[in-house]
Asks: 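Mind having a look at this structure? Questions to follow.
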Amino acid sequence: MDAFHPRNYQDETDMSLADCKMIELPKIHDPRGNLTFIEGGHHIPFSIERVYYLYDVPGGSDRGGHAHKTLHQFMVAMSGSFDVVLDDGRDRKRVHLSRSYNGLYICPMIWRELDNFSSGSVCMVLASAHFDEADYHRDYGDFMDARWRK
């Protein structure tokens with residue numbers, strides 16, 4: 001499997017939905033159960049500094065609703081399924097995650113919303129940095145202002 005490398009860009013405001021990619025992960029078949037692994041800097045284009053997961057999300061609930069200024073993330077549906085709505089301030093697209101051997105790379109400065117969680121779903125997120133509240137755009141208007149100021 002080839003490593004995924006995002007395109008070069010001058011700064012995070014140059015990134016777009018085209019930079020967000022579905023990535024198929026290695027899947028080792030075994031009669032005792034399959035195995036998938038993720039190596040930072042190889043399968044995904046960043047070193048992994050933090051891992052977190054969402055679970056027990058009530059039916060009809062939404063998560064996300066923010067963008068990150070510099071953080072890179074990789075989302076995987078470890079169990080069940082959910083949708084990720086991506087928005088770069090110009091275009092929007094919906095991505096359905098439902099396989100533990102596929103994940104979604106999300107570059108900085110992309111607004112994301114998660115919805116349509118199936119019962120028992122688990123969303124695992126690999127992140128390029130530790131938690132930093134200053135890295136968030138939590139207001140869509142502020143996000144749009146940051147996207148288009150140059």
Side-chain angles (χ1 to χ4, degrees), residues 1-26 36 38-150:
M1 168 171 293
D2 295 331
F4 166 65
H5 301 286
R7 68 183 170 90
N8 292 329
Y9 53 94
Q10 289 188 326
D11 66 39
E12 284 79 10
T13 61
D14 290 337
M15 301 195 96
S16 71
L17 292 184
D19 296 295
C20 299
K21 303 281 186 198
M22 286 294 295
I23 299 172
E24 186 171 342
L25 300 168
T36 291
I38 304 168
E39 296 176 350
H42 181 70
H43 300 111
I44 58 176
F46 58 86
S47 296
I48 301 163
E49 292 294 322
R50 183 167 63 114
V51 177
Y52 66 93
Y53 42 96
L54 306 169
Y55 57 96
D56 294 340
V57 178
S61 294
D62 299 334
R63 297 295 308 233
H66 62 266
H68 290 280
K69 298 172 185 174
T70 62
L71 188 76
H72 298 256
Q73 293 185 317
F74 185 69
M75 288 186 184
V76 178
M78 299 303 294
S79 179
S81 64
F82 55 90
D83 291 347
V84 183
V85 179
L86 302 172
D87 180 340
D88 66 6
R90 193 172 315 194
D91 298 309
R92 288 175 64 93
K93 76 175 176 181
R94 178 176 291 270
V95 179
H96 184 70
L97 295 177
S98 62
R99 301 280 186 239
S100 57
Y101 53 86
N102 287 323
L104 176 63
Y105 166 69
I106 304 174
C107 61
M109 291 304 290
I110 301 295
W111 188 267
R112 81 283 319 273
E113 299 169 0
L114 286 75
D115 63 14
N116 197 26
F117 286 88
S118 68
S119 178
S121 61
V122 177
C123 169
M124 180 182 70
V125 182
L126 309 179
S128 64
H130 294 206
F131 175 82
D132 179 4
E133 182 61 35
D135 187 62
Y136 283 76
H137 285 293
R138 294 193 183 272
D139 177 82
Y140 189 77
D142 292 343
F143 162 72
M144 290 296 287
D145 289 346
R147 283 290 299 173
W148 305 116
R149 94 174 78 113
K150 285 210 178 195

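Only this structure's heavy atoms are used, side chains among them; waters, hydrogens and symmetry mates stay out.
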Asks: Which heavy-atom pair separates W148 from D88 by the least distance, and what is that distance?
Replies: CZ2-O, 4.1 Å

Asks: Could you tell me if the side chain of Y136 sits less than 4.5 Å from the side chain of H68, heavy atoms only?
Replies: yes

Asks: Quick check for you: to the nearest 0.5 Å, what is the distance between L126 atom CG and S47 atom OG?
Replies: 11.5 Å

Asks: Find out whether the Lys NZ or Arg CZ of R99 is both under 6.0 angstrom from the six-membered ring centre of Y101 and within 45° of the ring's axis.
Replies: no

Asks: Nearest 0.5 Å please: distance from the CG atom of L17 over to the CZ atom of R92.
Replies: 9.5 Å

Asks: Side-chain contact, heavy-atom cut-off 4.5 Å: M75 with V95?
Replies: no

Asks: Does the side chain of L54 reach to within under 4.5 Å of the side chain of F82, using non-hydrogen atoms?
Replies: no

Asks: I need the minimum non-hydrogen distance between M109 and A146, along with the two atoms involved.
Replies: CE-CB, 3.9 Å

Asks: Using every non-hydrogen atom in the two residues, find where I110 and F143 come nearest and quote the distance to one decimal.
Replies: N-CE1, 4.2 Å

Asks: Check C107 against R112 and note the closest heavy-atom contact, atom names and distance.
Replies: O-NH2, 4.0 Å

Asks: Distance from C20 atom SG to Q73 atom CD, nearest 0.5 Å?
Replies: 10.5 Å

Asks: Identify the two heavy atoms, one from R147 and one from S16, that lie closest to each other, and give their separation to 0.1 Å.
Replies: NH2-CA, 4.5 Å

Asks: Would you compute the distance between atom CG of D139 and atom CG of D145 and round it to the nearest 0.5 angstrom?
Replies: 8.5 Å

Asks: Answer yes or no: are there more than 12 heavy-atom neighbours, outside Y52 itself, under 6.0 Å from its atom OH?
Replies: yes

Asks: Using 0.5 Å steps for rounding, measure from the CZ atom of R94 to the CG atom of D83.
Replies: 4.5 Å

Asks: Rounded to the nearest 0.5 Å, what separates atom CD1 in I48 from atom CD1 in I38?
Replies: 6.5 Å

Asks: Flag the pair T70 / D132 as yes when at least one side-chain heavy-atom distance between them is below 4.5 Å, and no otherwise.
Replies: no

Asks: Does the side chain of N102 come within less than 4.5 Å of L97's, by heavy atoms?
Replies: no

Asks: I want to check something: taking the side chain as every heavy atom from C-beta on, are H137 and H66 in contact at a cut-off of under 4.5 Å?
Replies: no

Asks: Do other residues, nucleotides or ligands put more than 12 heavy atoms under 6.0 Å from R90 CZ?
Replies: no

Asks: How close do W111 and A67 get, counting heavy atoms only, and between which atoms?
Replies: CE3-N, 3.7 Å

Asks: For residues 56-63, dump all side-chain donor-acceptor pairs below 3.5 Å to protein atoms at least two apart in sequence or in another chain.
Replies:
unit_1, atom_1, unit_2, atom_2, d
S61, OG, P58, O, 3.1

Asks: Looking at F131, I'd like to know if its CZ atom is crowded, meaning that more than 12 non-hydrogen atoms belonging to other residues, nucleotides or ligands lie closer than 6.0 Å.
Replies: yes

Asks: So S121 and S81, do their side chains get closer than 4.5 Å, heavy atoms only?
Replies: no

Asks: Does the side chain of D87 reach to within under 4.5 Å of the side chain of V85, using non-hydrogen atoms?
Replies: no

